Student: 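Here's a structure for you.
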Amino acid sequence: MRRPAALLALALSLALPACGDGPCQELGERLCSCDPGATKDLCRTRVEDRLKDVDPSSAQEDYCQQRLDACVAPAGAVFCEWLLTESGKDACGLTPANPSP
């Protein structure tokens, strides 16, 4: 499945560059869980590398925490499939409706 990889790249460009350790690391790892195999490890390494390059404000960390709290699939839904939906993308900060601060 190649679509999750594209979503993860989008996540890195929209949400993660504005975030730091803690909630942003966890959000990035949650999104990476939808990337299969070796790409999942590469995704996590990219998240860690990006997070080392930024100095987030408390507002940016709060944004990441809000996205992390909202980035949960509804009961009965498969997270990676839900992440491909508009509501999943929006909840996880992957749409312009929820841009990083």
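Because the structure is a prediction, the values reported are computed rather than measured.
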Student: Hey, does L94 have a side-chain heavy atom less than 4.5 Å from the side chain of L83?
Tutor: yes

Student: Can you tell me how far apart CZ (R46) and OG1 (T39) are? Round to the nearest 0.5 Å.
Tutor: 9.0 Å

Student: Is the closest basic N to carboxylate O distance between E26 and R30 below 4.0 Å?
Tutor: yes

Student: Output yes when a side-chain donor or acceptor of R67 lies under 3.5 Å from a complementary backbone atom of D90, and no otherwise.
Tutor: yes

Student: S87 and W82: which non-hydrogen atoms are nearest, and at how many Å?
Tutor: OG-NE1, 3.6 Å

Student: Any non-hydrogen side-chain atom of F79 less than 4.5 Å from a side-chain atom of C71?
Tutor: yes

Student: Can you tell me how far the CZ atom of R44 sits from the NZ atom of K40, to the nearest 0.5 Å?
Tutor: 5.5 Å

Student: Regarding D69 and Q65, do their side chains bring together a donor and an acceptor under 3.5 Å, going by distance alone?
Tutor: yes

Student: If you look at every heavy atom in C64 and L27, which pair is closest and at what distance?
Tutor: O-CD2, 4.4 Å

Student: Give me the atom names and distance for the closest heavy-atom approach of C80 to S33.
Tutor: SG-O, 4.1 Å

Student: Show the nearest heavy-atom pair for residues V47 and C32, with the distance to one decimal.
Tutor: CG2-SG, 3.9 Å

